[in-house]
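Just below is one structure, and these are the notes that go with it.
Note on naming: letters A, B, ... go to the chains in the order of the sequence lines (proteins, then strands), and numbering restarts at 1 for each one. As the structure is a prediction and not an experimental result, all values here were calculated from the model.
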Protein chains: 2
Amino acid sequence: MPKIVDHDARRRELARAVWQVIRERGVAGASVRAVAQRAGWSPSSVQYYFSTQAELLNFAMRVIADETERRADPAHLPADPHEAALALFDRLLPLDPDARTANEVWVAFLSRVLVDAEAGAFNAASNEWLAEVFRDQLQRLVAAGRVSPAIDLDLEVDRLRVLFDGLALHLVTDAPRMPPERARELIRHHLETLSPSAAPDR
Amino acid sequence: MPKIVDHDARRRELARAVWQVIRERGVAGASVRAVAQRAGWSPSSVQYYFSTQAELLNFAMRVIADETERRADPAHLPADPHEAALALFDRLLPLDPDARTANEVWVAFLSRVLVDAEAGAFNAASNEWLAEVFRDQLQRLVAAGRVSPAIDLDLEVDRLRVLFDGLALHLVTDAPRMPPERARELIRHHLETLSPSAAPDR
DNA sequence: ATGCGGTGCCCAAGATCGTCGATCACGACG
DNA sequence: CGTCGTGATCGACGATCTTGGGCACCGCAT
């Protein structure tokens, strides 16, 4: 067994190069050759770890999804459900530069969801995961009396999912009209409207 | 002046070929050659009308955007503001195959919004237009007593924009979990929650 | 009617890309 | 010290986008 290399580490290293190239030239510019050059390797070396370009891009996408899920770890959230929900959105929305970069790359990957079956599966799984997270948060808020128990949970989960993804999209693609503070305001307001004490005028 | 051809008509003809190819082979299959073959021309002829592939796809998207704006023409909307709003969303959301194709192209272009200045400007203008449309609708609903006059109009416009774009995104990228009927339901429910008579529990 | 110029269309070549096969370097183990 | 598998590379093929040049044809001026 000669010259043992940590394959997974090398693959993650290449994934980072993919993100950089995508941010600089867009997903269309994320050629195998460009990624290889960015990472300081020959195109053939990249192919040694990813036999196909789709495999490379899909892996880069999966790494982002994994990091996002890790960020959402409920371990260090505030005890109060309402505070916890707000904190969770702060972590999930692309409000800081790192998360913003991840979301820019994610937006770029969206085009592949329509074309690549595996990317589509990742996207579906990611949506499924987010639905679970939001369902859990809403249930906690209901249990704490911060959200009316009479809501249609499935419907509100979907509304929150859609609102969240639209918000993430606007934060990245329409920054001038959607600064981070505005996004926080919208989330706060939306949760407010679910409150049992919410007057219809507010 | 020899052999005069209506350039704009020819360009729209090619745009239609783009939609057909996208529907058959996806966005990735929308190569210049494939579009040319579909339209019955040589790749070079297409090049004569669109010097670059991005230009071709850009134009195809713009045509669809124009048609969408035309479809949103409030002239033939129902008189009742609430019915009119629902009808408008039916027209704007990618519920039928044509509108769906348009939105697939839109999703594919989202990645370019971050790296291409022209795509960015187009996206910004589109968002601006949509904000105006939604603001107008909300104002009509308020005037008709279907939406509480106490709402923060700017905030609700933004919430509706974000909800709408998230909905359009999910309709295209997560069709199994977001069928057209569910999208209609979400819109109806969201407008319901803005109603002055909306009980907090519903 | 006839030549001329511009328009519409196309071929061919250059550049880039994804992928495949063959090849080289090298270190661990027998 | 030889052998073999791993890591890394090069070269080539086909497909693609793009550019530059060239061909055909139409309509007006002469």
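- Computed from coordinates, the A/Q53 CD to D/dA15 P distance equals 17 Å when rounded to whole Å.
- Classification of A/R140 and A/E83 as a salt-bridged pair fails, no side-chain N sitting under 4.0 Å from a carboxylate O.
- Using a cutoff of 4.0 Å between basic side-chain nitrogens and carboxylate oxygens, B/R71 and B/E67 are not scored as salt-bridged.
- With hydrogens and angles left out, the side-chain atoms of B/R177 and B/H170 include no donor and acceptor closer than 3.5 Å.
- Atom CH2 in B/W41 sits about 8 Å away from atom C1' in C/dC9, given to the nearest Å.
- The side chain of A/Y48 places an N or O atom within less than 4.0 Å of a non-bridging phosphate oxygen (OP1 or OP2) of D/dG7.
- For A/Y49, a side-chain nitrogen or oxygen approaches OP1 or OP2 of D/dA8 to under 4.0 Å.
- Residue A/R33 has no polar side-chain atom (N or O) positioned under 4.0 Å from OP1 or OP2 of C/dT16.
- The phosphate of D/dC10 has neither OP1 nor OP2 within less than 4.0 Å of any side-chain N or O from A/S44.
- For C/dC9, its base never sits under 3.5 Å from the side chain of B/S42 at any donor and acceptor pair.
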Ignoring hydrogens and angles, write down the donor-acceptor pairs under 3.5 Å from the side chains of residues 114-122 of chain A, residues two or more places apart or on other chains.
unit_1, atom_1, unit_2, atom_2, d
A/D116, OD1, A/N58, ND2, 3.2
A/D116, OD1, A/E118, N, 2.8
A/D116, OD1, A/A119, N, 2.8
A/D116, OD2, A/R112, NH2, 3.4
A/E118, OE1, A/N58, ND2, 3.3

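- Remark: P of C/dC17 and CZ of A/R38 are 15 Å apart, rounded to the nearest angstrom.
- In this structure, B/E55 places its CD atom 15 Å from P of D/dC17, rounding to the nearest Å.
- Proximity of residues 6-25 of chain A to DNA chain D (heavy atom under 4.0 angstrom from any strand atom) is restricted to A/H7, A/R10.
- A/F50 comes within contact range of no nucleotide atom at all, as no heavy-atom separation falls under 4.0 Å.
- Aromatic ring centres of A/Y49 and A/F59: separated by at least 6.0 Å.
- Exactly one of A/R12, A/R11, A/R10 qualifies for a side-chain hydrogen bond (donor to acceptor under 3.5 Å, both in side chains) with A/D8. That residue is A/R12.
- Side-chain atoms of B/Q53 come within 3.5 Å of backbone atoms of B/A30 as a donor-acceptor pair (strictly under, hydrogens ignored).
- Counting any heavy atom pair closer than 4.0 Å across all strands shown, A/S31 reaches sugar-phosphate atoms only and no base atom.
- With rounding to whole Å, B/L56 atom CG is found 15 Å from D/dT16 atom P.
- The separation between A/Q37 atom CD and C/dG18 atom P is 13 Å, rounded to whole Å.
- Contact check, A/Q47 against C/dT19: no side-chain N or O comes under 4.0 Å of OP1 or OP2.
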